[in-house]
Amino acid sequence: MYPNLKLQLFRNAVRQNFLARELGMDESILSKIIHGYREPSPEQRQKLSVYLGVEETWLFEKYENTPRRARRATMFLRME
């Protein structure tokens, strides 16, 4: 998941379908990129960062969501 990409869409009041049209990108591909199911190509990364006016490396910092059960197991193991 790319939370900074989602944040910039919110800050700029840009809807995914509008952005996809503006950049000549399929809406489903953009959605998959935003939610981390697909890696953007270098060209897509560049287009998105330029359009949103932010640094590419910041925009595409990944957030890995650890499942809740895995977090509990890790916490339990630390207590032992």
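Everything numeric in this text was worked out from a predicted model, so none of it was measured.
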With rounding to the nearest 0.5 angstrom, report the [atom1] to [atom2] distance, [X] to [Y].
X: Met25; Y: Lys47; atom1: CE; atom2: NZ; answer: 6.5 Å
X: Leu7; Y: Tyr2; atom1: CG; atom2: OH; answer: 16.0 Å
X: Asn12; Y: Leu19; atom1: CG; atom2: CG; answer: 9.5 Å

Next item on the list: Answer yes or no: is there a side-chain heavy-atom contact under 4.5 Å between Ile34 and Leu9?
Entry: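 When only atoms from C-beta onward are counted, Leu9 and Ile34 do touch, with a gap below 4.5 Å.
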Check: Is Ser31 close to Tyr37 at the side-chain level, that is, under 4.5 Å between some pair of heavy atoms?
Finding: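 Tyr37 vs Ser31: side chains apart.
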Margin query: Using the rule that Ile, Leu, Val, Met, Phe, Trp and Tyr join whenever any side-chain heavy atoms are under 4.5 Å apart, tell me whether Leu30 and Met1 fall into a single cluster.
Written below: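 No; Met1 is not reachable from Leu30 via cluster members.
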Notebook entry, point to check: Do any pairs count as a side-chain hydrogen bond (donor to acceptor under 3.5 Å, both in side chains) and have a residue in residues 17-27, sequence neighbours left out, and if so which ones?
Noted result: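 Pairs touching residues 17-27 that pass the test: Asp26-Ser28.
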Check: Got a donor-acceptor contact below 3.5 angstrom from the Gln8 side chain to the Leu5 backbone?
Finding: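 The answer is no, because no donor-acceptor pair under 3.5 Å joins these two groups.
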For residues 50-62, run the donor-acceptor check on the side chains, cut-off 3.5 Å, and write out each pair with its distance to 0.1 Å, sequence neighbours left out.
unit_1	atom_1	unit_2	atom_2	d
Glu55	OE2	Thr57	OG1	2.6
Glu56	OE2	Arg45	NE	3.1
Glu61	OE1	Asn4	ND2	3.4
Lys62	NZ	Glu39	OE2	2.9

